Structures are given as C-alpha cells and as structure tokens.
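We name chains A, B, ... by the order of the sequence lines, and we start the count at 1 in each one. Quick caveat: nothing in here was measured; it's all calculated off a predicted structure.
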Amino acid sequence: MEQIITRFAPSPTGYLHIGGARTALFNWLFARHHGGKFILRIEDTDRERSTEESVRAILDAMEWLGMDWDEGPYYQTERLDVYREYLQRLIDKGLAYYCDCSPEDVERRRQEALKAGRKPKYDGRCRDKGLGPGPGRVVRFRCPQAGTTVLNDLIKGSIEFDNAELDDLVLQRSDGFPTYNFAVVVDDVSMSVNYVIRGDDHVNNTPRQILIYQALEAPLPRFAHVPMILGQDRTRLSKRHGATSVMAYKEQGYLPEALVNYLVRLGWSYGDQEIFSREELIEKFDLDRVGASASVFDQEKLLWLNAHYIKEKPAGEIVRLLKPFLTERGYPDHGDDYLERAVATLQPRCRTLREMADAAAFYLVEDVEYDPKAAEKFLTPELAGPLKRLIETLKGLERFEEAELEKAFRRMAEDLGVKLGKIAQPVRVALTGVTASPGLFEIIDILGKETVLRRLEKALRFAEARSQ
RNA sequence: GGUCCCAUCGUCUAGCGGUCUAGGAUACUGGCCUCUCACGCCAGAGACACGGGUUCGAGUCCCGUUGGGACUACCA
C-alpha cells in the first residue's frame with residue numbers, strides 16, 4: 001500500500017488560530033493513524049503580510065499542542081525555482097500564457113461585467129496574443145472553457161463544477177512569485193502529498209487546482225474538506241468571538257490535552273465517547289467519521305474538558321504548569337511539596353490554571369484580605385469567645401493534621417451545642433478571607449500551625465474590634 | 001448577483017430505511033453527598049427547519065422552499 005502523506009500549510013500572516021490548529025490536527029492524526037508522513041509547509045508567498053514572528057508563533061503552537069512533523073518546515077519563498085520550472089512546462093505546452101493587462105484594467109472590467117450582470121471573470125484578452133515575459137506581466141492559466149470538473153471529496157462526496165464558471169487565473173504574479181493556487185499544487189505534487197485535508201473554504205479553489213494537476217499530468221491527491229468552525233453567532237470564527245489564537249489559550253491556563261481533545265471532537269466523533277487520550281486519538285481517528293456540517297466553538301465545553309484534565313493530572317505535574325502563573329502574580333516561593341499539597345485541594349475546583357493561581361492566593365500570601373461581606377457576616381463580636389477557645393485548643397494539639405483537627409472541631413461544636421458549620425465558616429473566612437474554599441481541615445493542615453494561629457488571632461482582633 | 005457547501009436538543013454530536021415513544025456530552029434546573037465551594041452521584045427539561053415525493057415503512061433516500069456558511073484577488 002502506498003504511504004499516506006499529508007501536510008499542514010499555514011500562511012504566516014498571524015498566529016496559529018483555532019481553525020488552523022484543528023486542520024493541522026486532522027492531518028497529523030490521519031498521518032499518524034495510518035503510519036504515514038506529515039509535512040509542515042509555510043506558505044509565505046504573500047510577501048506583504050508574511051512575517052518571521054508569525055512563523056515562530058505557529059511553530060510554538062504546533063509544539064505546544066504536541067504535533068510533530070516528519071518533513072519541513074518548507075518555505076515557499078525558498079522554492080521559487082521549483083515553481084518556475086513547473087510554470088515553464090505549462091508555458092511550453094501552451095497551457096499558460098503571459099498577460100500584460102494591468103491590475104487596474106482587470107479590476108475595472110470586472111466591475112463593468114458585474115454591473116452588466118455578467119460574471120466577473122477575466123475576459124481572456126491576452127490568451128492568444130502570444131506575449132513573452134516582460135515587466136509587469138503575469139502568467140495566466142489557460143483554463144478549459146467547457147466541460148466539467150468533478151471533485152470526489154472524502155467528506156463532502158462528489159461535487160461537480162462547470163468549467164465555464166472558471167477563468168484564467170494568475171499563476172505567477174508580476175513580481176515573479178507564484179500565486180496560492182499554483183504554488184499549492186506544485187508543492188503537493190513535488191512533495192508527493194496524496195491526501196489534502198483542509199478547510200472547506202477551499203472547496204471552490206479545488207476545481208482550478210484539479211485542472212492544474214491535469215495540465216501538469218500529475219496524479220490527483222485525495223481531497224478532504226473539513227467544515228469550518230463558527231462563532232456563537234454562526235459566522236466564521238474571528239477575534240470578535242474571543243480568543244482565537246492557540247497560544248492565547250495557553251496563556252489563559254488551558255492544557256494542550258484539553259484543547260486537542262476539544263478541537264478533534266469538534267467535527268469528528270467516535271460513538272458516544274468524549275474523552276480521548278493522544279494515543280486513543282491516533283488509534284481511532286479517521287476521515288470517515290468527520291461530519292459534513294460546520295460547528296460552533298463552545299467555550300463552556302472546552303472549559304469542562306480542561307477541568308477534567310486538571311483533575312486527572314498528577315498534582316506534581318500541575319504544579320510545574322502552574323508555576324509561571326504564580327510567578328506572574330509575584331507570589332513568594334513555598335517549595336514544591338507545599339505547592340503540591342495545596343494544588344491537590346484546588347484541582348477539583350478549578351477549570352483553568354489561571355483560576356487555580358487566583359484560588360491559590362490564600363495559600364501563598366502572608367496575610368489574607370477579608371471579603372467585606374464575608375467578614376461582616378461571619379467575623380462577628382459573638383465569635384470572639386469560641387475563637388479564643390479554638391485558638392487554645394489548636395495550640396494544645398500535638399498532632400496538627402487533618403483527622404485530628406476534624407475531631408477537635410467536632411468536639412468543640414458539640415460542646416458549644418452548635419453545628420459544625422457554625423464555627424467552620426468563620427474560621428474559613430479567617431483563613432482564606434472568603435466563604436468558599438477547599439475543605440477546612442485540609443487547609444489548616446496544609447497552612448500549618450503557625451500561619452493558622454496567626455490568622456485566627458487576627459480574626460479575633462477583628463471580631464473584638466467590631467464590638468466597640 | 002453567480003458558484004459551491006451545510007441543516008437532529010442552546011452548543012458538540014450518535015443515528016448510515018424498520019430496534020427512534022431519537023441516545024450521549026456540555027450548559028441549565030432539582031435532589032443526594034457535605035464544614036463552604038467544587039468534585040461525584042441521581043433525576044428533569046430540551047431537537048429530527050418546512051413542504052412535496054420514493055417506500056409497506058423516512059431523522060435516515062430524492063426534489064423544492066427557507067435559513068446559515070464559504071468562495072467569487074497579481075491573499076492564502
């Protein structure tokens with residue numbers, strides 16, 4: 001069997017966005033699943049908009065998502081000889097020709113045609129002029145004017161195009177650079193790419209490309225056009241729908257596993273299964289289960305998956321990932337063991353690392369600030385008595401650990417004739433500043449005697465001060 | 001405007017003519033658990049866009065309507 005060769009070919013005109021990442025993922029998974037080859041190619045023939053930073057950003061994002069490539073990255077701007085060679089073949093065969101129409105003229109005629117209700121196609125006036133190379137001249141493809149071109153798409157099925165709809169597209173610009181439709185074909189032909197998996201915004205380009213393959217007498221690859229990812233308003237996903245850059249998700253505290261899992265499931269399914277490890281994805285992914293309709297990007301579901309992976313990962317691993325977020329907030333270093341215990345209590349409560357860094361504050365700062373409402377409600381003057389007693393009890397506790405602490409608290413609540421919550425909530429506010437937190441006893445255990453007593457005493461002073 | 005694509009709960013989807021009084025996930029609501037908040041568990045509400053065919057039988061096939069999207073460059 002022939003080896004499967006796929007490629008991801010972004011243009012470096014911005015960051016790797018969500019849609020591009022999914023396309024890359026589908027190509028990567030398809031190649032890995034079939035033991036094929038995955039090529040990375042940078043389509044930088046638009047010299048105006050391509051930048052070095054974008055290339056870097058795309059590579060970083062690929063790496064973060066864990067997509068490795070077997071060949072490349074190739075840069076189209078370094079392959080100009082190849083395009084010229086293929087182009088010359090077309091010219092020699094009379095399948096391409098030079099054109100000296102100015103862009104302004106072409107555009108003007110396009111507008112006129114549109115106004116007159118005709119198709120805004122290039123009118124082919126240079127077709128038979130027999131022009132040679134010259135400044136300002138482009139090379140156009142001599143597109144068949146009759147017949148139909150059919151695309152047998154792996155996802156969309158068979159699509160027929162009337163060649164009369166197509167015009168003589170530019171293959172080489174006046175600056176000598178190839179245009180997208182030509183470069184993409186030459187590259188895929190010369191790199192032996194046999195599966196072209198890309199966004200379905202390319203469907204309408206495909207007949208032109210097929211015609212170029214045929215003109216080149218090159219074997220056709222299999223095409224698979226995957227549906228677009230839409231925003232909540234069902235229009236093409238863009239900045240106004242929120243973060244669309246892959247790396248923005250990293251910065252917001254998402255795990256690559258979550259984003260990969262989410263993105264692959266967007267448009268692809270495997271029965272009722274929602275959670276897939278990387279290995280499972282490689283094992284199970286195939287094109288036949290990719291849907292045909294566009295899907296809406298749902299932040300909430302991504303969040304759910306992220307929460308899932310945060311819960312599932314070993315605490316030590318989360319600590320490593322969380323550190324940059326803590327540093328960013330300027331928290332002092334407490335050592336990995338301490339951090340790991342703290343993180344373990346936060347894992348089931350946070351959906352992103354960013355949330356976790358925020359929630360971890362009380363573990364890391366010297367003294368907590370009270371949420372005014374919480375303090376108002378729970379650190380009351382009547383609390384002074386029980387608080388004093390609690391401080392004494394804790395001081396006398398020889399084993400300052402979760403189980404013992406719980407016993408001590410329950411005993412005290414019983415003595416006082418109140419429910420545990422009656423004293424737990426004030427203590428929680430004293431220790432964390434807020435009314436929602438991990439389990440009280442694990443917090444006390446982790447915080448340690450010294451910190452706990454200090455915060456309780458501060459709370460006591462606060463409560464007493466209110467009675468004045 | 002033209003060409004092309006798409007159409008099951010709000011969202012992601014299962015469904016590949018009968019097993020669908022349409023399944024799962026998420027989000028939402030209620031309950032349980034419980035020191036709070038989460039997690040977890042249980043329950044609930046929620047969809048085949050519409051109209052014609054084809055067929056004994058249609059969410060599933062065909063056509064149309066409507067709606068949405070993409071493309072229509074010397075961008076990719």
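B:G30 and B:C62 have their C1' atoms separated by 46 Å, with the value rounded to a whole Å. Using C1' as the reference atom, B:C63 and B:A27 are 37 Å apart when rounded to the nearest Å. Rounded to a whole angstrom, the distance from the C1' atom of B:A58 to that of B:G69 is 27 Å. B:C33 and B:C37 have their P atoms separated by 14 Å, given to the nearest Å. Rounded to the nearest Å, the gap between the C1' atom of B:G46 and that of B:U8 is 12 Å. On the C1' atoms, B:G52 is 28 Å away from B:A14, given to the nearest whole Å. Comparing the P positions of B:C42 and B:C61 gives an interatomic distance of 34 Å, to the nearest angstrom. On the C1' atoms, B:G1 is 35 Å away from B:U60, given to the nearest whole Å.
Base pairing of B:U54 is not made with any nucleotide, judged by Watson-Crick or G-U wobble geometry with both donor-acceptor distances under 3.5 Å. Using N1 to N3 plus N6-O4 or O6-N4 for Watson-Crick, or N1-O2 and O6-N3 for G-U wobble, each under 3.5 Å, B:A49 pairs with B:U65. The partner of B:C20 cannot be assigned: no Watson-Crick or G-U wobble pair with both contacts below 3.5 Å exists in any strand. Judged by Watson-Crick or G-U wobble contacts below 3.5 Å, the nucleotide B:C9 has no partner. Taking a pair to require two hydrogen-bonding distances under 3.5 Å in either a Watson-Crick or a G-U wobble arrangement, B:G1 pairs with B:U72. A 3.5 Å limit on both hydrogen-bonding distances identifies no Watson-Crick or G-U partner for B:C33.
Residues A:Ile155 and A:Pro10 both approach RNA chain B. Their nearest nucleotides, taken by heavy-atom distance, put A:Ile155 toward the 5′ side. Comparing A:Tyr270 and A:Glu160 by the nucleotide of RNA chain B whose heavy atom lies nearest to each, the residue mapping closer to the 5' end is A:Glu160.
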For nucleotides 64-73 of chain B, which of its nitrogen or oxygen atoms have a protein nitrogen or oxygen under 3.5 Å away, and what is each distance?
unit_1 : atom_1 : unit_2   : atom_2 : d
B:A70  : O3'    : A:Arg236 : NH1    : 3.2
B:A70  : N3     : A:Asn204 : ND2    : 3.4
B:C71  : OP1    : A:Arg236 : NH1    : 2.8
B:A73  : OP2    : A:Arg110 : NH1    : 2.8
B:A73  : O5'    : A:Arg110 : NH1    : 3.4

Starting from the C-alpha separation in whole Å, work towards a yes-or-no answer on side chain to side chain donor-acceptor pair (under 3.5 Å) for A:Thr45 and A:Tyr83.
-> CA-CA 11 Å; A:Thr45 53; A:Tyr83 309 123; over 6 Å; no
Please list, one pair per line, the donor and acceptor atoms closer than 3.5 Å that link side chains of residues 303-316 of chain A to other protein atoms, with sequence neighbours excluded.
unit_1   : atom_1 : unit_2   : atom_2 : d
A:Asn306 : OD1    : A:Leu255 : N      : 2.7
A:Asn306 : ND2    : A:Gly253 : O      : 3.2
A:Asn306 : ND2    : A:Arg351 : O      : 2.6
A:Tyr309 : OH     : A:Asn261 : OD1    : 2.5
A:Tyr309 : OH     : A:Phe276 : O      : 3.1
A:Lys313 : NZ     : A:Glu257 : OE2    : 2.6

Pairs under 3.5 angstrom only: tabulate donor-acceptor contacts from the side chains of residues 223-231 of chain A to other protein residues two or more places apart or in another chain.
unit_1   : atom_1 : unit_2   : atom_2 : d
A:His225 : ND1    : A:Asp153 : OD1    : 2.6
A:His225 : NE2    : A:Arg198 : NH1    : 3.2
A:His225 : NE2    : A:Thr206 : OG1    : 3.2

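Ring geometry for A:Tyr370 against A:Phe462 counts as perpendicular: the plane angle is over 60°, on a 0 to 90° scale with 30° as the lower cut. Taking the six-membered ring for Trp and thresholds of 30 and 60 degrees, A:Tyr262 and A:Phe297 have ring planes more than 60 degrees apart, a perpendicular arrangement.
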Treat primed atoms plus P, OP1 and OP2 as sugar-phosphate and everything else as base, then score nucleotides 20-41 of chain B 5' to 3': B for base contact with protein heavy atoms under 4.0 Å, S for sugar-phosphate contact only, - for none.
-> ---BBBSS-------BBBBS--
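The existence of a salt bridge linking A:Glu404 and A:Lys407 is confirmed by a sub-4.0 Å separation between a basic side-chain nitrogen and an acidic carboxylate oxygen.
As rounded to whole Å, 13 Å separates atom C1' of B:C74 from atom CG of A:Leu87. When the P atom of B:C74 is taken as reference, atom CZ of A:Arg109 falls 12 Å away, rounded to whole Å. Atom pair A:Leu302:CG and B:U11:C1' shows a separation of 13 Å (rounding to whole Å applied). Taking atom CG on A:Asp288 and atom P on B:A14, their separation rounds to 12 Å, with Å as the unit. Summarising the geometry, the separation between CH2 on A:Trp268 and P on B:U13 is reported as 12 Å, rounded to the nearest angstrom. Between A:Phe182 atom CZ and B:A76 atom C1' the separation is 16 Å, expressed in whole Å. Rounded to an integer number of Å, the gap from CG of A:Leu166 to P of B:G2 is 17 Å. Between A:Lys156 atom NZ and B:U3 atom P the separation is 18 Å, expressed in whole Å.
Annotation: salt bridge (charged side-chain N to carboxylate O under 4.0 Å, His left out) contacts involving residues 9-21 of chain A, sequence neighbours excluded, are absent. Residue pairs meeting the salt bridge (charged side-chain N to carboxylate O under 4.0 Å, His left out) criterion with at least one partner in residues 414-431 of chain A, sequence neighbours excluded, are A:Arg389-A:Asp415. Sorted by first and then second residue, the ring-ring contact (aromatic ring centres under 6.0 Å, His included) pairs with a member in residues 408-435 of chain A read A:Phe409-A:Phe441; sequence neighbours excluded. The ring-ring contact (aromatic ring centres under 6.0 Å, His included) contacts involving residues 412-437 of chain A comprise nothing, where partners must be two or more places apart or lie in separate chains.
For A:Thr45, a side-chain nitrogen or oxygen approaches OP1 or OP2 of B:A76 to under 4.0 Å.
Among the atoms of the strands shown, base atoms are found under 4.0 Å from some heavy atom of A:Cys101.
Below the 3.5 angstrom threshold, one finds a donor paired with an acceptor across the side chain of A:Ser174 and the base of B:C74.
Not a single salt bridge (Lys or Arg N to Asp or Glu O under 4.0 Å) links A:Arg455 to another residue, sequence neighbours left out.
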